[in-house]
Amino acid sequence: MAEQLRCKGGQRAVGAANGKNPIAIVVPCHRVIGSDGRLTGYAGGLGRKQWLLAHEAGEVPLALI
């Protein structure tokens, strides 16, 4: 969104604004991945985030980590 708004460096501001919105209208936060490809913070825990991503990819993990 920051890119679309031509707001260079505005990713954190966009993320904060989206985080305050009670209705998810953009990208669910569990889909946000760090710029280095690693999983980053998630209020539900990284294990749950990993499970959600695997579930969406059609993988069936054995357990919630």
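All residue numbers refer to positions in the sequence shown, counting from 1. The figures here come from the full heavy-atom set of this structure, side chains too, leaving out hydrogens, waters and symmetry mates.
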query: Are M1 and N18 close enough, and set up right, to give a side-chain contact (heavy atoms from CB on, under 4.5 Å), and what steps lead you there?
result: CA-CA 10 Å; M1 288 181 68; N18 286 334; 3.7 Å; yes

- request: Kindly compute the distance separating CD (Q50) from OH (Y42), expressed to the nearest 0.5 Å.
  value: 13.0 Å

message: When you measure from the side chain of K20 to the backbone of G15, do you find a donor-acceptor pair of N or O atoms at a distance under 3.5 Å?
response: no

statement: Minimal heavy-atom distance between G10 and A2, with the atoms involved, is C-CB, 3.6 Å

message: Nearest 0.5 Å, please: how far is CG in L53 from CD in E59?
response: 9.5 Å

task: Keeping the roles fixed (side chain from R38, backbone from G34), state whether a donor-acceptor pair exists under 3.5 Å.
output: no

task: Quick one: do L39 and I33 satisfy side-chain contact (heavy atoms from CB on, under 4.5 Å)? Show the steps, please.
output: CA-CA 5 Å; L39 294 183; I33 306 296; 3.6 Å; yes

